[in-house]
Participant: 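Here it is, the structure in full.
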Number of protein chains: 2
Amino acid sequence: MTANTLKRQPLYAQVKQLLMQRMSGGEWQAHDALPSEWELADELGASQGTIRKALSELVDAGLLYRQQGRGTYAAPVPGDWGEASLLTPGLFFERPDELVREFLGMSRLNASEDIAEALQLRRLAPLLRIRQLWRWHGAPVALDDALLPAETFDGMDARWLRNSAGVYATLQQRFGVRVRVMCEQFRAEMLPREEAGLLGVTGMVADVPALCLLRLSADMDGRPLEWRQRYCLTHQLAYTVKHG
Amino acid sequence: MTANTLKRQPLYAQVKQLLMQRMSGGEWQAHDALPSEWELADELGASQGTIRKALSELVDAGLLYRQQGRGTYAAPVPGDWGEASLLTPGLFFERPDELVREFLGMSRLNASEDIAEALQLRRLAPLLRIRQLWRWHGAPVALDDALLPAETFDGMDARWLRNSAGVYATLQQRFGVRVRVMCEQFRAEMLPREEAGLLGVTGMVADVPALCLLRLSADMDGRPLEWRQRYCLTHQLAYTVKHG
DNA sequence: AAGTGGTCTAGACCACCGG
DNA sequence: CGGTGGTCTAGACCACTTA
């Protein structure tokens, strides 16, 4: 392989980088087959083992999946809900039920100091706020606010969001940006009034504890893209994370 | 390498398995150096590349760490707190402060149906309950109950727990068992009275929401070992998880 | 300088999948 | 059957640490 990128990067890392760029450019959609290891090796002038190492790391990163005897394929865009599933508390081996997403609306606001810092924006930078409701067997269980830098996603159209599979799918389709969840925070809070209303928590029993989730997402190069805040009702359900 | 274990396992997986067994047996303590790749290759009759693949997977699993030019070392036992750190809500890049663990006591009880199933025990199987308090800058922030199958850990001594670095460290030192966190659940709950007392939540303001964490841990072969329940106060702190 | 892990190559064989 | 990914080998060179 010709030494085209930064010299101090190992070859397999350069291959990985190149493939990620091509994937971002939309060369392969979800479930499209990539060239075989040998074709890539010829094309890029590297050995098959080097190509394999790059592909393996992309599989680990969740960007590709492989099937013995068939080929290597582009993985679908991750959903807005994230890796964790909703399960009945205490049952770790339950099969997760499907969550249904409902787009509530898009609005504009200015970044607070915390959020501006996390997203590496100037103070009061304009943001898009995308609000979604999650239902489980019809009942609302979570409320999402996704905050995106407005300048990066200038031209975002609410209709795109209403008719797509979620924020991440829209960013991928309309802006060619692949999102990666960087870190998440959990804490317990009393459900604020506005969110309680949207989640259908009625009556004077306003003393409902909610699981509050914060998420920071970035593109494949690590540039922050999204600050997400979620209120989850966990009376009957719990957020379940499986480890390596 | 002689075909001694199950035939359908690839060689590198057998090497991995063997090294895990030796590690469990206490052959290498934390930060002890393992033999070099070439020494292992000679000893086990595999090639250096195969040994490397096994070692790499053990590094990914957190059992080993490697330093270029120096060697391969046994990783220290993970702490009881887990992977997630406590940070100020909304600040993802903060440096996590140290948590101080305090052993409160050990008692016995019988497994509920849920717990018996998760730990693959019969109903009402005897359990050890190990209670620990976590402090952050002196103030209590979390309360842990670790539930272990009493028969597996027959002879467990409370003094071991009081003077060790935690439950996992004790299991490793006294029983040669390496613990691996399988999955965790989060939900929001109002803090029950007993836990509120132990966490120093005083007065009539009993309406404190708490982050409730459930954890299922296992040994390296996947056999369930521990059910842990934790109540976290998250008024000023949040549970932060970083992703791959 | 010697020893270690990290990268890279070339070639081989196997297991699996599809037509 | 051919093509694919999965495993394994042997050998080479580099980068880093230690002495």
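Lettering of chains follows the sequences in order, A, B, ..., and the numbering in each one begins at 1.
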Participant: List for me each residue that meets salt bridge (Lys or Arg N to Asp or Glu O under 4.0 Å) alongside D97(A), sequence neighbours excluded, and say none if there are none.
Facilitator: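 Per chain and number, D97(A) pairs via salt bridge (Lys or Arg N to Asp or Glu O under 4.0 Å) with no residue.
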Participant: Using the test ring pair (Phe, Tyr, Trp, His ring centres under 6.0 Å), find all partners of W136(A) that sit at least two apart in sequence or belong to another chain.
Facilitator: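 For W136(A) there are no ring pair (Phe, Tyr, Trp, His ring centres under 6.0 Å) partners, ignoring immediate neighbours.
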Participant: Just to verify, what does T88(A) make a side chain to side chain donor-acceptor pair (under 3.5 Å) with, not counting sequence neighbours?
Facilitator: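 Result, side chain to side chain donor-acceptor pair (under 3.5 Å) vs T88(A): E94(A).
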Participant: Is the phosphate of dG5(C) approached by R70(B) (side-chain N or O, under 4.0 Å from OP1 or OP2)?
Facilitator: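 For R70(B), the contact criterion (side-chain N or O under 4.0 Å from OP1 or OP2 of dG5(C)) is not met.
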Participant: Given atom CG of D42(A) and atom P of dT9(C), what is their separation to the nearest angstrom?
Facilitator: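 Distance check: D42(A) CG to dT9(C) P gives 12 Å.
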Participant: Grab the OH-P distance between Y73(B) and dT4(C) for me, whole Å please.
Facilitator: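 Between P of dT4(C) and OH of Y73(B): 10 Å.
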Participant: Using the ring of each side chain (for Trp, its six-membered ring), is W160(A) parallel, tilted or perpendicular to F175(A), with breaks at 30° and 60°?
Facilitator: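 Ring orientation, 0 to 90° scale: perpendicular.
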Participant: Please list all pairs meeting salt bridge (charged side-chain N to carboxylate O under 4.0 Å, His left out) that have one or both residues in residues 164-184 of chain B, counting only residues at least two apart or in different chains.
Facilitator: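 Those involving residues 164-184 of chain B are E184(B)-R215(B).
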Participant: Using the test ring pair (Phe, Tyr, Trp, His ring centres under 6.0 Å), find all partners of Y73(B) that sit at least two apart in sequence or belong to another chain.
Facilitator: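 Checked Y73(B) against ring pair (Phe, Tyr, Trp, His ring centres under 6.0 Å); matches are Y65(B).
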Participant: Taking ring pair (Phe, Tyr, Trp, His ring centres under 6.0 Å) as the test, write out the residues that go with Y12(B), two or more places apart.
Facilitator: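 None.
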Participant: Near DNA chain D, counting only heavy atoms under 4.0 Å, which residues of residues 48-59 of chain B show up?
Facilitator: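 T50(B), K53(B), in order of number.
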Participant: Find the distance L11(B):CG to dT9(D):C1' and express it as a whole number of Å.
Facilitator: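 So the CG-C1' distance, L11(B) to dT9(D), works out to 11 Å.
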Participant: Expressed in angstrom and rounded to an integer, what is the separation of Q67(A) atom CD from dG5(D) atom P?
Facilitator: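 Spelled out: CD on Q67(A) to P on dG5(D) is 11 Å.
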Participant: Does anything in residues 28-40 of chain B reach DNA chain C, meaning a heavy atom under 4.0 Å, and if so which residues?
Facilitator: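 Of all residues in residues 28-40 of chain B, the ones placing a heavy atom under 4.0 Å from DNA chain C are S36(B), E37(B).
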Participant: Can a side chain N or O of T72(A) be found less than 4.0 Å away from OP1 or OP2 on dG5(D)?
Facilitator: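 So the side-chain polar atoms of T72(A) do come within 4.0 Å of the phosphate oxygens OP1 or OP2 of dG5(D), strictly under.
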Participant: How would you list, by chain and number, every residue that makes a side chain to side chain donor-acceptor pair (under 3.5 Å) with K16(B), sequence neighbours excluded?
Facilitator: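 So K16(B) forms a side chain to side chain donor-acceptor pair (under 3.5 Å) with E57(B).
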Participant: Does Q48(A) have more than 12 heavy atoms from other residues, nucleotides or ligands lying within 6.0 Å of its CD?
Facilitator: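 Atom CD in Q48(A) is packed in, count exceeds 12.
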Participant: Could you give the side-chain donor-acceptor pairs of residues 19-26 of chain A under 3.5 Å, partners two or more places apart or in another chain?
Facilitator:
residue : atom : partner : partner atom : Å
R22(A)  : NH1  : E27(A)  : OE2          : 3.0
R22(A)  : NH2  : E43(A)  : OE2          : 2.5
S24(A)  : OG   : M20(A)  : O            : 3.3

Participant: Let me spell it out: for each of S47(A) and G71(B), pick the nucleotide of DNA chain C with the closest heavy atom. Which residue's pick is nearer the 5' end?
Facilitator: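 Closer to the 5' end of DNA chain C: G71(B).
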Participant: Could you pull out all residues at least two apart from F103(B) that satisfy ring pair (Phe, Tyr, Trp, His ring centres under 6.0 Å)?
Facilitator: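 Testing F103(B) for ring pair (Phe, Tyr, Trp, His ring centres under 6.0 Å), a comparison that skips the adjacent residues, returns none.
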Participant: What's the CD-C1' distance between Q14(A) and dT7(C), to the nearest Å?
Facilitator: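 Answer to the nearest Å: 12 Å.
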Participant: List every contact pair, protein side and nucleotides 13-15 of chain C side both N or O, where the distance is under 3.5 Å.
Facilitator:
residue : atom : partner : partner atom : Å
dA15(C) : N3   : Q68(A)  : OE1          : 3.0

Participant: Taking only side-chain nitrogens and oxygens of R66(B), does any of them come within less than 4.0 Å of OP1 or OP2 of dG6(C)?
Facilitator: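 Yes, such a contact exists.
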